[in-house]
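Heads up, the thing below is written out as structure tokens.
Here is how names work: the chains are called A, B, and so on, in the same order as the sequence lines, proteins then strands, and each is numbered from 1.
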Amino acid sequence: DAGITQSPRHKVTETGTPVTLRCHQTENHRYMYWYRQDPGHGLRLIHYSYGVKDTDKGEVSDGYSVSRSKTEDFLLTLESATSSQTSVYFCAISGLRGGTGELFFGEGSRLTVL
Amino acid sequence: DAKTTQPTSMDCAEGRAANLPCNHSTISGNEYVYWYRQIHSQGPQYIIHGLKNNETNEMASLIITEDRKSSTLILPHATLRDTAVYYCIAPNDYKLSFGAGTTVTVRA
């Protein structure tokens, strides 16, 4: 299994508070991703990173920021959490074998915003 | 990414082959087809990918039509543990998006 861990795995917070989710990898992979998953919506890309300090927006990036100061860590920050950001968040890393689409996912972080 | 279309759901009998279709009629020549599955609330798991030729690994087989406009994922002997949501994607860059996938229920 790919070495990818997410923290925290579960978090309950209140509207308006900042929240940071961490994704840590031990594979030295260049590409890292943050997705959210909600019932009826599948997996939606929030942000991704293609190297240290190199990030780009996905399809649902509003209200989220990311940072990648070193290869192994990709942080997702909700500056002021809202109830609509209650979701399960998945981090993924790219193995890059045979194309662009082979991803390894973390176990997910369940965030509840009250 | 090429748009992919999958059935919303399908049932399969335990021990039988499960054939999961995916339509990707807008796929371009250098876009691979990837399949993932997600069991319950776990993170999605990579299954297999292919470009033109049929592929097989320990989990499944992937059959891609000659015109590459559609593919079929085959689970040769479905078990109850294969009950999951299966995603077919055909990315052309690193912005990888997943649709709703096919919910496969394997019944005893």
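- Of the inter-residue distances, the one linking A:F90 atom CZ with B:Q42 atom CD reads 9.0 Å to the nearest 0.5 angstrom.
- Rounding to the nearest 0.5 Å places OG of B:S41 at 6.0 Å from CZ of A:R110.
- A chain of hydrophobic side-chain contacts below 4.5 Å, direct or via other Ile, Leu, Val, Met, Phe, Trp or Tyr residues, connects B:W35 to B:M59.
- With a threshold of 4.5 angstrom between heavy atoms, A:Y50 does not approach chain B through any atom at all.
- Side-chain rings of A:F105 and B:Y46 stay apart, their centers remaining 6.0 Å or farther from each other.
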Let's go through A:L43 and B:Y36 carefully: what are the C-alpha distance in whole Å and the side-chain angles of both, what is the deciding distance for side-chain contact (heavy atoms from CB on, under 4.5 Å) to 0.1 Å, and is it a yes or a no? CA-CA 12 Å; A:L43 286 157; B:Y36 287 78; over 6 Å; no

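- The hydrophobic cluster containing B:I63 does not contain B:I89, counting ILVMFWY residues as joined when their side-chain heavy atoms lie under 4.5 angstrom apart, directly or transitively.
- Rounding to the nearest 0.5 Å places CD of A:E102 at 12.0 Å from CD1 of B:I47.
- The two atoms that bring B:Y87 and A:G42 nearest to each other are OH-CA, 4.5 Å, heavy atoms only.
- For A:Q6, no part lies under 4.5 angstrom from a heavy atom of chain B.
- Taking hydrophobic clusters as Ile, Leu, Val, Met, Phe, Trp and Tyr residues chained together by side-chain heavy-atom distances below 4.5 Å, B:F98 shares a cluster with A:V88.
- The cluster map of Ile, Leu, Val, Met, Phe, Trp and Tyr, joined by side-chain heavy atoms under 4.5 Å apart, puts B:M10 and B:L73 in the same cluster.
- A continuous path of ILVMFWY side-chain contacts below 4.5 Å connects A:L103 to B:L51, so both sit in one hydrophobic cluster.
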